[in-house]
Amino acid sequence: MKLTGEERDWLEGGAGPALKRAMEIVVALGTIYGAPTLIPVESVQISGVSYRNIGDAGLRFLRQWADEGARVRVPTTLNPTAMDMVRWEAQGFSADFADKQRQVVDAFAQMGVGEGTPLPTCTPYLIGNRPAQGTHVAWAESSAVVFANSVLGARTNREGGPGAIAAALTGRTGAYGLHRAENRLATLCVEVRARLDTISDYSALGAIVGRRAGQAVPYFADLPLDAVGDPLVEEKLKALGAAMAATGAVGLFHVADVTPEARAAAMLAPAYERLVIDDVAPGYASLSDDVDRVDLVWIGCPHASLREIALVAEALRDRRVQIPLWVTCARPVRAIAVEQGLVSVIESAGGRVFSDACMGIAPLHDLGFSAVATPSAKGAFYLRNLAHVAARFAPLEACIAIAAGDR
Ligand code: F3S
């Protein structure tokens, strides 16, 4: 791999042990994937933040970076934690767990993540980390990666946890994969004849397509999306991408007449494989367990936008929830939702709006939950496979009805 003089100096330890180790990781990854050079990145998004997932070994690894004086070189944001960093007691976390989770976030803060005050979220693009079309970034959270590539037209691979930290410390990543124009062309054409009404219908569609697509780049030829007239278009694309990234390994998709690179991607038309979707009901069924009782309703995977919080508030107006209903979102999004009176509508109905947290990576059994309903395919996928609880994947209205005891 061809390196600049400065990059070679970092690799040889001229700027200290932390930067040396970070360069070794970036160069090793680039070499494995055939990158001819490194490229500068404008921002980084780091995953692997839940103490439940990384444990004491992960915490030691982070502390070592921080204690060696590692500092991020580019704006860097952090994926969700297991708990709300302020209201963790209301979620039922123990003081011991909260202390460990806080130490994880403190190590990142010491490295300069979030300019020293990280705001954990999987939707950095909703709180200001919104790269322009064509810019190179190194993001790790799969739902954010697919959003950045597809909806914003930025360029990023799906970074792993240590790879993203190394990219943040060096401000570099290898010039391979989705950073290269030739790898951004569509390889699978999806024709959708199913009726799509709600955000969760797009999530169910993504659950089906992700399983078939694997690492392909899907091109949706005929989605009923209006990029200008539909106020929920971004939420639908967010849900579609997150589901495909979870059930498959999709890092980029295109939607005709909607996403920024769709026209260029469509030029490969004759080489497409073709997939026709007649019905999204199998997408819901594939992520729903047969459970008699749900003990938590979780909305906000990926973290809820202001418009999604407004939908929940609207559905809960004049109702009362009978079982816990938790909405998760980025802390700055919650602050605006408070100002707009949306949080008070949800919380007066008995629901809760938490910041920072992701229930898919939380110790749900320890919190007393064993069956969770969600309008997110990715949420249901993580609930089953990472949190190891039963899941019911259903449209938002159905989830609200479950919480209100209507069904
Ligand atoms: Fe975000 Fe957790 Fe879902 S990281 S995308 S809320 S599984």
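Because only heavy atoms are used, hydrogens play no part in the values below, and waters and symmetry mates are left out as well, while side chains stay in. Whatever order the structure lists them in is the order used to number ligands and atoms, beginning at 1.
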Undergrad: Going by heavy atoms, is Ser143 under 4.0 Å from ligand 1?
TA: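 Distance cut 4.0 Å: Ser143 passes for ligand 1.
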Undergrad: Is the Lys NZ or Arg CZ of Arg21 less than 6.0 Å from the centre of Trp65's six-membered ring, within 45° of the axis?
TA: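 Yes - Arg21 lies over the ring of Trp65, closer than 6.0 Å to its centre and within 45° of its axis.
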Undergrad: Go through ligand 1 atom by atom and flag the ones less than 4.0 Å from a non-hydrogen atom of Lys378.
TA: 5 (S), 7 (S)
Undergrad: Heavy-atom count around Asp257 CG within 6.0 Å, excluding the residue itself: above 12?
TA: no
Undergrad: At under 4.0 Å between heavy atoms, which part of Trp298 makes contact with ligand 1: side chain, backbone, both or neither?
TA: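 The part of Trp298 near ligand 1 is the side chain, not the backbone.
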Undergrad: Using a 4.0 Å heavy-atom threshold (strictly under), name the region of Glu141 that reaches ligand 1: side chain, backbone, both or neither.
TA: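 For Glu141, the contact with ligand 1 is made by the side chain alone.
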Undergrad: Please say whether more than 12 non-hydrogen atoms of neighbouring residues, nucleotides or ligands are located less than 6.0 Å from CD in Gln103.
TA: yes
Undergrad: Ile400 and side-chain contact (heavy atoms from CB on, under 4.5 Å): which single residue from Val321, Val312, Leu311 fits?
TA: Val312
Undergrad: Can you tell which part of Cys301 has a heavy atom less than 4.0 Å from ligand 1: side chain, backbone, both or neither?
TA: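 Both backbone and side chain of Cys301 come within 4.0 Å of ligand 1.
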Undergrad: Under a heavy-atom criterion of less than 4.0 Å, does Cys122 contact ligand 1?
TA: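 The answer is yes: ligand 1 sits under 4.0 Å from a heavy atom of Cys122.
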Undergrad: Are Pro80 and ligand 1 in contact, using a heavy-atom cut-off of under 4.0 Å?
TA: yes
Undergrad: Is the number of heavy atoms from other residues, nucleotides or ligands within 6.0 Å of CD (Glu115) greater than 12?
TA: no
Undergrad: Show which atoms of ligand 1 fall inside a sub-4.0 Å distance from at least one heavy-atom site of Tyr382.
TA: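 That gives atoms 7 (S) of ligand 1.
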Undergrad: Does atom CZ (Arg212) have a neighbourhood of more than 12 heavy atoms from anything else shown, all under 6.0 Å?
TA: no
Undergrad: So, Glu234 and Lys238, do they make that salt bridge, N to O below 4.0 Å?
TA: no
Undergrad: Tell me, which protein residue and heavy-atom name are nearest atom 2 (Fe) of ligand 1, and how many Å apart are they?
TA: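 Ranking protein heavy atoms by distance from atom 2 (Fe) of ligand 1, first comes Cys358 SG, 2.3 Å.
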Undergrad: Distance under 4.0 Å to a non-hydrogen atom of Pro302: what atoms of ligand 1 satisfy this?
TA: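 With Pro302 as reference, the close atoms of ligand 1 come out as 5 (S).
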